[in-house]
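A quick write-up on the structure given underneath.
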Number of protein chains: 2
Amino acid sequence: MNDKSASKSAGHDLDGNATRERILLEAARLFRQHGYAATTLREVADAAGVKAGSIYYHFESKEQILGEVLDKGIKIVYETVRARIDALPKDAPWRDRIAAGIEGHLWGMLHHGDFTSANMRIYGQIPESAKAKHRVVRREYADYWDQLLQSALAAGELRADASTTIIRLFVIGALNWTVEWYNPERGSFQDFARQITAIIFDGILVHEKSLGTQ
Amino acid sequence: MNDKSASKSAGHDLDGNATRERILLEAARLFRQHGYAATTLREVADAAGVKAGSIYYHFESKEQILGEVLDKGIKIVYETVRARIDALPKDAPWRDRIAAGIEGHLWGMLHHGDFTSANMRIYGQIPESAKAKHRVVRREYADYWDQLLQSALAAGELRADASTTIIRLFVIGALNWTVEWYNPERGSFQDFARQITAIIFDGILVHEKSLGTQ
DNA sequence: GTCTATAAACTGATAGAC
DNA sequence: GTCTATCAGTTTATAGAC
């Protein structure tokens with residue numbers, strides 16, 4: 001809570017932790033843009049305003065940077081989704097919880113696009129060692145949605161002629177991909193989230209009488 | 001129609017065109033697995049059973065291989081979709097045409113996963129020069145779906161409270177992503193396509209009376 | 001905490017033998 | 001049509017000055 005600009009006495013450093021964060025942010029942006037292997041540490045260093053050698057003061061290796069970028073991509077989304085759903089009344093219907101989850105997933109994703117898009121684009125392209133570490137947090141988030149959907153199914157609010165696993169994979173996959181084509185110039189985020197939720201809930205066809213969102 | 005194993009008289013070649021196809025196939029597989037920049041031509045050559053230098057007899061550059069892999073990814077899907085829709089009766093309702101399009105898109109994609117997944121994964125990560133060339137065939141396929149959806153909208157079969165552009169981007173994006181998680185061991189392809197189509201048409205919630213698919 | 005300099009390995013692409 | 005050999009440039013990571 002006190003003065004954060006209290007600089008060290010030695011050399012020409014200002015704030016080591018800020019540099020670390022800048023490296024992570026620029027790494028996410030470049031991983032998203034060019035892929036993991038294609039991104040050189042020199043590029044990351046240039047973008048973060050330091051020299052390549054300096055990166056190794058903050059990180060042990062390129063793969064450690066990758067690990068932090070990947071985890072951050074999921075965690076941002078996961079935390080936003082939980083916050084949205086926890087804010088609902090205890091007796092809220094499952095459809096409202098799912099709607100809150102969709103809105104939270106979209107919000108977290110589209111407001112931290114470099115981390116989430118990097119995660120989505122490069123996860124399939126990284127060494128198995130990096131995948132293995134990251135799988136834990138991925139599995140957690142998937143389980144969270146599975147429980148949500150199974151509860152909705154048990155309450156009779158979810159369609160029963162498709163497996164909840166396929167529903168989860170389809171919905172999360174569709175949401176994830178929006179970060180690749182979402183264009184804020186086409187309208188407000190709220191309106192965008194409303195349209196996506198309507199399509200996921202009621203489909204793309206016209207129905208005589210919809211009991212989904214209205 | 002005659003003997004295809006008629007080999008040339010010189011050196012130790014068997015069939016030049018088959019080698020070319022093998023290089024393309026292995027390149028697609030490796031681009032999908034590790035990304036474009038991360039894949040070395042030595043790896044491609046090894047996988048295709050030739051030496052690195054030999055690639056340059058069949059292709060001018062790494063970027064030319066990329067171009068052919070990308071185009072093939074879209075064209076396979078586009079041609080399957082058109083074949084499915086053209087096979088319908090002239091007076092088929094738009095919902096049937098869209099269903100045929102979805103089934104064709106899934107089929108083309110899941111049966112040529114290396115080309116379509118490579119396309120999807122690396123398109124956002126390649127040099128602008130490669131993107132520009134590839135954009136033409138992408139735009140064509142997008143236009144095809146836009147016309148399909150706008151016709152369905154004009155006929156009153158498509159929901160009108162979301163733009164056809166958003167519907168197209170959402171549906172195609174969701175379909176594309178299935179190649180990342182589709183597991184043939186979970187059931188037949190026909191059953192998979194049926195579930196996906198049902199979700200896209202009628203949504204994930206339960207409706208009192210659905211007029212979509214039955 | 002950041003720098004410069006450098007090691008050791010790998011990259012796309014070319015030249016020319018067979 | 002495929003090979004070997006090689007060029008010029010780039011890569012991650014380390015060592016040590018400041």
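Just the heavy atoms: all of them, side chains too, but no hydrogens, waters or symmetry mates, feed the values below. Chain naming here is simple, since letters A, B, ... match the order of the sequence lines and numbering starts at 1 in each.
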Inset, instruction - Decide if the gap between the ring center of B/H34 and the ring center of A/Y36 is smaller than 6.0 angstrom. - result: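 Aromatic pair excluded; centres sit 6.0 Å or further apart.
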Interatomic distance, [X] [atom1] vs [N] [atom2] [rounded to whole Å]:
X: B/K51; N: C/dC18; atom1: NZ; atom2: P; answer: 18 Å
X: B/R20; N: D/dG1; atom1: CZ; atom2: P; answer: 12 Å
X: B/F59; N: D/dG1; atom1: CZ; atom2: P; answer: 13 Å
X: A/I55; N: D/dT14; atom1: CD1; atom2: P; answer: 13 Å
X: B/D46; N: D/dT2; atom1: CG; atom2: P; answer: 15 Å
X: A/Q64; N: D/dA13; atom1: CD; atom2: C1'; answer: 14 Å

Residue pair [X] / [Y], side-chain donor-acceptor N/O under 3.5 Å:
X: A/S163; Y: B/Q195; value: no
X: A/N17; Y: A/H58; value: no
X: A/S117; Y: A/E180; value: yes

Legend entry - Residue pair B/K62 / B/A37: nearest heavy atoms and the distance that separates them: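 Closest pair (atom of B/K62, atom of B/A37, distance): NZ-O, 3.5 Å.
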Inset, instruction - Check whether NZ of the Lys or CZ of the Arg B/R82 lies under 6.0 Å from the centre of the six-membered ring of B/Y78 and within 45 degrees of that ring's axis. - result: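 Checked: cation-pi criterion met.
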Inset, instruction - Produce a footprint string for nucleotides 8-17 of chain C: one letter per nucleotide, 5' end first; B if the base is under 4.0 Å from any protein heavy atom, S if only the sugar-phosphate is, - if neither. - result: ---BBBB---
Inset, instruction - Ignoring backbone atoms, establish whether B/S54 has a side-chain N or O less than 4.0 Å from OP1 or OP2 of D/dC3. - result: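 Yes.
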